[in-house]
Protein chains: 2
Amino acid sequence: MKRRTVRHVTASDVARASGVSAMTVSRVFSGRAPVGDRTQRKVLAAARTLGYRPNQIAQSLALSRTQTIGVVVPEISHSFFPEAIRGIEEVTYRAGYHLLLMHSAETAERERDALLTLESKRVDGILLSVAQDAGPTHPYRRVVQLGIPLVFFDRCVSGIGATCVSIDDEESARVITAHLIGHGYTRIAHLAGPRSLAISRARRAGYRAALLGAGLACDDALIVSAGLHEQAGYAAMVSLLALPVSKRPRAVVAINDPAAYGAMLAVMHSGLRVPEDVAVVGFSDDLRAELMPVPLTTIRQPAYELGRTAAAELIAQIQGATAGKKQKTVGTELVTRRSCGCVTPADTESPARPR
Amino acid sequence: MKRRTVRHVTASDVARASGVSAMTVSRVFSGRAPVGDRTQRKVLAAARTLGYRPNQIAQSLALSRTQTIGVVVPEISHSFFPEAIRGIEEVTYRAGYHLLLMHSAETAERERDALLTLESKRVDGILLSVAQDAGPTHPYRRVVQLGIPLVFFDRCVSGIGATCVSIDDEESARVITAHLIGHGYTRIAHLAGPRSLAISRARRAGYRAALLGAGLACDDALIVSAGLHEQAGYAAMVSLLALPVSKRPRAVVAINDPAAYGAMLAVMHSGLRVPEDVAVVGFSDDLRAELMPVPLTTIRQPAYELGRTAAAELIAQIQGATAGKKQKTVGTELVTRRSCGCVTPADTESPARPR
DNA sequence: TTGTACGCGTTATCAA
DNA sequence: TTGATAACGCGTACAA
């Protein structure tokens, strides 16, 4: 005959049991008020026997503070985001904040929904990575105007006064493209991401900058619009392979690792070899990069570090720091493996040791 | 001169602006009460111009319901959990619940902490996967006694009256071991997990059952205690390879995929081949299984499905269903790849098509 | 159909 | 050092 409705012990219960007022109980638990030594012991004893835990919902209402941070991600299981979330959690946990995790599923509608919900739930701040098909209207602006601290991570929107923590996409794309150029490639294609995403535009710009900086022509026929996934990379590569042999690229800079993987498969399925016939490089260094049929040369995105940085920045803003830089970047690293054809076999012959 | 403290629009503000009482505003937004047609329009108009959103903290306090579910996971970025969380999110989102994500980092202390916090935050229910070094005291019992619905997923604790959703570890381990036996292996080792985990015990039991069921001896020297990670698998395999050649196993059943990966590397680093000299099979089918130096034969754990099932079960309990089965299992699948030496090369020569 | 009074559990404020 | 009271923003119960 269990009662269904949970009956929780309140401060008044503890107060009654220990012969003081509810206010004193509150003081004991909040810690920041003078309480008599004996009183304190009495209260704590009563609280222990009754199993009292302060009701954080009531606290939140009274204090207008929830100690909770909303995290909005476009994907949950793409390896980048779990890592970033781990970084976020690491920092927020230490600072005494908890995470409300929302999933936008790459859609503008669910992202908007998530923000409104987080507003209703009165989170103290929001960390957000923009959905791929974020629409034209910006629900972010409302958040900023309400005065809710907002920090974008990885995928940002500029011009609305929110801080952005990301890698330097343009510079990183320039570096990896220049790496190919430095090893003698000249006909280099780019599997570009959706134009709606700032990272797509930045990476494309870096790709162009590298070509132009090396005095190479930038042939628009070699820039193919793709999505962010394997299938899209596969399809885009197929279309590049359909070009006349003389126009066919000898190397490909993919928008990210999954797209690079798709491209790699397309090359192999067409009977060509990576990197001998077509070199492929990615962007992300997700878990699988090292284990692909041909280990992938890519840009390592420090997802964990990025999450930490974004979280630290948000907490600083919540705690009233005068908003610092609007743009923070965390460093990336070029990871050279076999797929770019720039390494001697000996370097990568034996499988990596466990890490 | 922005004010730092967020000033939110309340129901009273809307009431004043539309010439009704706060109660009527509440009725309009909760939907379940008779409200005059004209009144409704007035209220909605005022709410829109003012940008009113109900304060869910206040709602929660009044209703003793937060529409929030706590999710406690021991690891965030191990590929299994992101997938499971995605399944959980899918179901809870549709049912109008939100997720408070807590990370126990495989420690009993942080797990306990997480549960107390979730209690304080008055979540409507909790989904939990047990930490590896969960101590002897069970903080779960308190949760159950308080009447907070609790459902374990993947890693469970029995005997405290909470439902458990998991795969049938014992049966799955039996199946994959039997698969090896069916292909002629007789000296089969097991890289076992920590005894403290129920899944470790179950998988070990399945391994034994397969051997005994086939009339094979179960040699304790071939059961090596390992952890759940690459390094542990590597070390355990090294110790097996140090056995006299006649006692050395021809096949290894690892507790999970990371351990199998470590074992595979150990075999290769010792100059032997997988599967020709030592066959290796795993358990999990994480993302990397397909892409390992030798593609890994393993048990596919439907993490997504498991998350969905656990979430659905929890919501049913929250909504007052008489607690159903205490134990639910979701099906697994044997995924045969090259590492077990049971497949002809032709089957796996070309890389998989994109999925 | 609408409004008033009160409670949810806590904290800030002021008085003792 | 401690207690009484009001307030946080909303919903239930009842009255109008």
Side-chain angles (χ1 to χ4, degrees), chain A residues 5-44 46-47 50-68 116-117 119-124 146, chain B residues 5-44 46-47 50-68 116-117 119-124 146:
Chain A
T5 309
V6 185
R7 165 66 178 132
H8 286 105
V9 179
T10 74
S12 311
D13 296 333
V14 177
R16 204 172 311 118
S18 50
V20 300
S21 75
M23 197 51 230
T24 298
V25 176
S26 167
R27 281 194 259 258
V28 168
F29 276 81
S30 73
R32 54 181 171 218
V35 174
D37 222 43
R38 265 202 48 181
T39 319
Q40 167 137 346
R41 275 200 300 281
K42 269 194 314 190
V43 169
L44 286 177
L50 293 178
Y52 170 69
R53 303 240 91 210
N55 179 334
Q56 288 200 26
I57 296 296
Q59 286 184 331
S60 295
L61 185 61
L63 296 174
S64 314
R65 214 169 12 84
T66 54
Q67 293 295 117
T68 301
L116 292 177
T117 297
E119 179 190 336
S120 282
K121 290 211 176 251
R122 297 294 187 264
V123 293
D124 294 344
L146 280 170
Chain B
T5 311
V6 186
R7 165 66 177 134
H8 285 105
V9 178
T10 73
S12 313
D13 297 332
V14 176
R16 204 171 312 119
S18 50
V20 299
S21 77
M23 198 51 232
T24 299
V25 176
S26 167
R27 282 193 260 257
V28 168
F29 276 82
S30 74
R32 49 174 178 226
V35 175
D37 223 41
R38 264 202 47 181
T39 319
Q40 167 137 347
R41 275 200 300 281
K42 271 193 313 191
V43 170
L44 285 177
L50 292 178
Y52 172 69
R53 306 238 86 214
N55 180 333
Q56 287 201 29
I57 296 296
Q59 287 183 330
S60 295
L61 185 60
L63 296 173
S64 314
R65 217 173 2 87
T66 54
Q67 294 295 114
T68 301
L116 291 178
T117 298
E119 177 191 336
S120 282
K121 291 212 175 249
R122 297 294 187 262
V123 293
D124 295 344
L146 281 171

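Nothing here was measured: the structure is a model prediction, and the numbers come from that model. In what follows, chains are A, B, ... by sequence order, proteins preceding strands, each numbered from 1.
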TODO: Heavy atoms of chain A, cut-off under 4.0 Å: which first and last nucleotide of DNA chain C, 5' to 3', fall inside that, if you could look?
DONE: dG9(C) to dA12(C)

Which whole-number value in Å describes the distance from [X] [atom1] to [N] [atom2]?
| X | N | atom1 | atom2 | value |
| --- | --- | --- | --- | --- |
| Lys121(A) | dC8(D) | NZ | C1' | 18 Å |
| Arg27(A) | dA4(D) | CZ | P | 11 Å |
| Asp37(A) | dT1(D) | CG | P | 10 Å |
| Glu119(A) | dG9(D) | CD | P | 14 Å |
| Met23(B) | dT12(D) | CE | C1' | 7 Å |

[X] to [Y] - nearest heavy-atom pair and separation:
| X | Y | result |
| --- | --- | --- |
| Ala11(B) | Val25(B) | O-CG2, 3.7 Å |
| Val14(A) | Ala47(A) | CG1-N, 3.9 Å |
| Phe29(B) | Val43(B) | CE1-CG1, 4.5 Å |

Open item on the list: Can you pull out the residues from residues 51-61 of chain A that lie within a 4.0 Å heavy-atom distance of DNA chain D?
Closed with: Leu61(A)

Could you grab the distance from atom [atom1] of [X] to atom [atom2] of [Y], nearest 0.5 Å is fine?
| X | Y | atom1 | atom2 | answer |
| --- | --- | --- | --- | --- |
| Glu119(A) | Leu146(A) | CD | CG | 4.5 Å |
| Ser26(A) | Arg32(A) | OG | CZ | 8.0 Å |
| Ser21(A) | Arg27(A) | OG | CZ | 6.5 Å |
| Leu50(B) | His8(B) | CG | NE2 | 13.5 Å |
| Lys121(A) | Arg53(B) | NZ | CZ | 12.5 Å |

Open item on the list: Any residue in residues 12-22 of chain B with a heavy atom nearer than 4.0 angstrom to DNA chain C? Just list them by number, or reply none.
Closed with: Val20(B), Ser21(B)

- [ ] Under the side chain to side chain contact (heavy atoms under 4.5 Å, CB included) rule, collect the residues that match up with Thr66(A), sequence neighbours excluded.
- [x] Ser60(A), Thr68(A), Arg122(A), Asp124(A), Ile57(B)

- [ ] Please determine which of Val28(B), Thr39(B), Val35(B) meets the side chain to side chain contact (heavy atoms under 4.5 Å, CB included) test together with Val20(B).
- [x] Thr39(B)

TODO: Give the angle between the helix axes at the two ends of the helix from dT1(C)-dA16(D) to dA16(C)-dT1(D), taking five base pairs at each end and rounding to 10°.
DONE: 40°

Open item on the list: Regarding Arg65(A), tell me which of base, sugar-phosphate or nothing describes its non-hydrogen contacts under 4.0 Å with the strands shown.
Closed with: nothing

TODO: Between Ala11(A) and Thr39(B), just flag the one whose closest nucleotide in DNA chain C comes earlier from the 5' side.
DONE: Thr39(B)

- [ ] Say whether, by atom type as modelled, one donor and one acceptor occur between the side chain of Ser120(A) and the main chain of Pro54(B) under 3.5 angstrom.
- [x] yes

- [ ] With sequence neighbours excluded, give me every salt bridge (Lys or Arg N to Asp or Glu O under 4.0 Å) pair touching residues 9-22 of chain B.
- [x] Arg7(B)-Asp13(B), Asp13(B)-Arg16(B)

TODO: Answer whether the closest heavy-atom distance between the side chains of Thr10(B) and Asn55(B) falls below 4.5 Å.
DONE: no

